[in-house]
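Just below is one structure, and these are the notes that go with it.
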Amino acid sequence: MYHLHRTCRACGSDRLVPVFDLGVQPLSNDFRKAGEECAGFAPLKVLFCSRCSLAQLSVVVRPDILYSRYSYVTSTSQMMRDHFSALAADIFQESKPKSLLEIGSNTGNLLAYFQECGVSVYGVEPATNLADGCNAAGIPTGNFFFDTESATDIVKARGRFDLVIARHVFCHVDNWKDFVSGLVQIGHEDTLYCIEVPYVKDLLANLEFDTIYHEHLSYLNLGAMEWLLRDTPLQIHKVVPYPIHGGAIVIMLRHRDFDPIADYGPIVESITEESWSDFEHRCNRLILEFDSQLDSLRHQGKRIAGYGASAKSTVWINFLHLTRNEIAFITDTTPDKVGTLSPGSDIPILDEGALMVEKPDYAIMFAWNYQREIVAKERAFLAGGGKFIVPLPEFKIIG
Ligand code: TMP
């Protein structure tokens, strides 16, 4: 189901030091119906590269197991729509693309956005259910993984692209060198590449340990990206921060010939083994506080639910060994998740209406990255005496 990861995927060093351990966990998006067999369990441990500072998981779960039947769909929330318009505006400032390739295009929402702006679009999406949906909706999408081999086929069939976007895909990829070769092949000297990733500095600062799961093989820092791009025709052109998903950056890459004197600004990174041990101490404090709060509410006889069956929820639940005794159910807006069970704990996933039907005393906001939007949407729950437990980025109770 997985293989051990021994050398840094950015710089090739074998000096990888364990810095954070979440134990053995189920796959965080392995939502199954009752009676269906689960995909299995794998260690969730972070190794730190003492040469380029890249944090990376100690194992690589087989991608066909993780992605062939994928329940994660990009949110259609207002926050995500705002993000797409901000991203598109920043891209149009840089470039006037006629063609766009999106790698990991998921439900095709971003491609549809660019299609409406008159750009010719093509998506690559390994999840068959998602690729089929896009093609049916008129968004041309290939159902395979992106690598040098598929890049060659795409170029033969469709030519090269002016703009390449990969949102939250890069950190899911094991073989970065091959991925970057594919990027080089698919573009030309004027191509703008936009690689959106969660930023490890935000993860460390905001204690986002729940974004560490098997799909996220790496926790990217710019120093590691620079190492990776050595000896390739690409270089970092610009880095743009966005608030989406608890803090992300878009690393814009350009061909060295396009921008021979690229200077992407004064980004200072000092990510060390100590940053990770400090993170571990602060996470342990947070988890202890969260756990004792749940314990105390349970002893008071309060009924607790979860809000948002995010992959993050699976990490919290399994690390704390929570069961149906602590969390009665979790609500979620994703049709494919409703009626399934939370991986590892079998807590049932109900549709979002369940919150007002079941009226739990507390709902743990596992989709904490949409906090503002959720609080605005669930005014009736709060008005009826319900309370939200928000675990991150600051542990608090609303209501
Ligand atoms: P994400 O943080 O990885 O996008 O996952 C968020 C999950 O939370 C996803 O399964 C959808 C769900 N969700 C809700 O159930 N209600 C909401 O209002 C929002 C914004 C998300």
Side-chain angles (χ1 to χ4, degrees), residues 26-32 66-67 69-84 87 104-110 127 129-130 167-169 171-172 196-199 202-203 206-216 219 242-248 305-318 327-343 345 347-358 360 362-382 386 388-393 398:
L27 309 184
S28 54
N29 275 312
D30 190 25
F31 292 90
R32 305 267 166 168
L66 281 173
Y67 302 115
R69 182 187 127 159
Y70 198 43
S71 64
Y72 178 78
V73 292
T74 307
S75 160
T76 49
S77 67
Q78 185 58 43
M79 194 170 172
M80 193 57 82
R81 288 199 297 274
D82 292 348
H83 176 57
F84 285 176
L87 179 61
S105 48
N106 201 263
T107 47
N109 292 352
L110 185 66
N129 52 330
L130 297 174
R167 295 193 56 252
H168 298 268
V169 169
C171 293
H172 294 237
E196 182 176 322
V197 293
Y199 193 21
D202 293 308
L203 181 154
N206 303 330
L207 303 185
E208 295 163 9
F209 78 90
D210 55 357
T211 61
I212 296 174
Y213 45 87
H214 297 109
E215 291 164 31
H216 294 162
Y219 302 87
Y242 296 95
I244 199 78
H245 288 312
Y307 191 100
S310 55
K312 299 186 277 291
S313 71
T314 309
V315 178
W316 275 98
I317 288 166
N318 286 284
I327 300 179
F329 61 90
I330 307 174
T331 64
D332 199 278
T333 47
T334 316
D336 276 0
K337 287 184 187 174
V338 173
T340 65
L341 303 171
S342 179
S345 65
I347 297 171
I349 315 297
L350 307 183
D351 65 35
E352 62 176 340
L355 191 71
M356 290 311 290
V357 176
E358 299 286 334
Y362 288 81
I364 305 171
M365 201 186 286
F366 287 122
W368 53 260
N369 42 325
Y370 301 103
Q371 184 189 147
R372 205 157 13 109
E373 192 166 337
I374 291 170
V375 169
K377 190 163 76 172
E378 301 298 352
R379 273 191 300 266
F381 171 65
L382 291 165
F388 279 115
I389 301 173
V390 185
L392 283 168
I398 299 177

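Every number for a ligand or one of its atoms is a count from 1 in the order of the listing.
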- [ ] Give the numbers and elements of all ligand 1 atoms closer than 4.0 Å to a heavy atom of K337.
- [x] 9 (C), 10 (O)
- [ ] Output the distance between atom CG (N206) and atom CG (L392), rounded to the nearest 0.5 Å.
- [x] 8.0 Å
TODO: Identify the protein heavy atom lying closest to atom 17 (C) of ligand 1, giving its residue, its atom name and the separation to 0.1 Å.
DONE: K377 NZ, 3.5 Å
TODO: Looking only at protein heavy atoms, identify the closest one to atom 9 (C) of ligand 1 and say how far it is in Å.
DONE: D332 OD2, 3.5 Å
- [ ] Indicate the atoms forming the closest heavy-atom contact of S77 with E373, along with that distance.
- [x] CB-OE2, 2.9 Å
Open item on the list: What protein heavy atom lies closest to atom 4 (O) of ligand 1? Include the residue and the distance to one decimal.
Closed with: Y370 OH, 3.1 Å
Task: Nearest-neighbour protein heavy atom for atom 5 (O) of ligand 1, which is reported as residue plus atom name and distance - done: S310 CB, 3.6 Å
Task: M80 near ligand 1 by a heavy-atom separation under 4.0 Å - done: no
- [ ] Give yes if a backbone or side-chain nitrogen or oxygen of S77 is under 3.5 Å from a nitrogen or oxygen of ligand 1, and no if not.
- [x] no
Open item on the list: Using 0.5 Å steps for rounding, measure from the CZ atom of F329 to the CD1 atom of I347.
Closed with: 11.0 Å
Open item on the list: Closer than 4.0 Å to some heavy atom of I374 - which atoms of ligand 1 meet that?
Closed with: 18 (O)
Open item on the list: Could you tell me if E196 and Y242 have a donor-acceptor pair between their side chains, going purely by distance under 3.5 Å?
Closed with: no
TODO: For a side chain to side chain contact (heavy atoms under 4.5 Å, CB included) with I389, tell me which candidate from Y307, W368, Y362 qualifies.
DONE: Y362
Task: H245 N/O to ligand 1 N/O under 3.5 Å - done: no
Open item on the list: Out of all atoms in ligand 1, which are within 4.0 Å of some heavy atom of N369? Include the element for each.
Closed with: 2 (O)
Task: Euclidean distance, H168 NE2 relative to N106 CG, rounded to 0.5 Å - done: 11.5 Å
Open item on the list: Rounded to the nearest 0.5 Å, what separates atom CD in E208 from atom CG in N369?
Closed with: 8.5 Å
Open item on the list: Please classify the K312 to ligand 1 contact at 4.0 Å (heavy-atom distances, strictly less than): side chain, backbone, both or neither.
Closed with: side chain
Open item on the list: So M365 and Y370, do their side chains get closer than 4.5 Å, heavy atoms only?
Closed with: no
TODO: Give a yes/no verdict on whether any heavy atom in F366 is under 4.0 Å from an atom of ligand 1.
DONE: no
TODO: Please check if any side-chain donor atom of D336 sits under 3.5 Å from a side-chain acceptor atom of T334, or the reverse.
DONE: no
- [ ] Would you check whether E352 has a nitrogen or oxygen atom less than 3.5 angstrom from a nitrogen or oxygen atom of ligand 1?
- [x] no
Task: Sole candidate of T314, D332, L341 that passes side chain to side chain contact (heavy atoms under 4.5 Å, CB included) when paired with F31 - done: T314
- [ ] Among all protein heavy atoms, pick out the one at the shortest distance from atom 15 (O) of ligand 1; state its residue, atom name and that distance to 0.1 Å.
- [x] T333 N, 3.1 Å
Task: T334 neighbourhood, listing ligand 1 atoms whose heavy-atom distance to it stays under 4.0 Å - done: 10 (O), 11 (C)
- [ ] Give the residue and atom name of whichever protein heavy atom lies nearest to atom 3 (O) of ligand 1, and the separation in Å to one decimal.
- [x] Y72 CE1, 3.2 Å
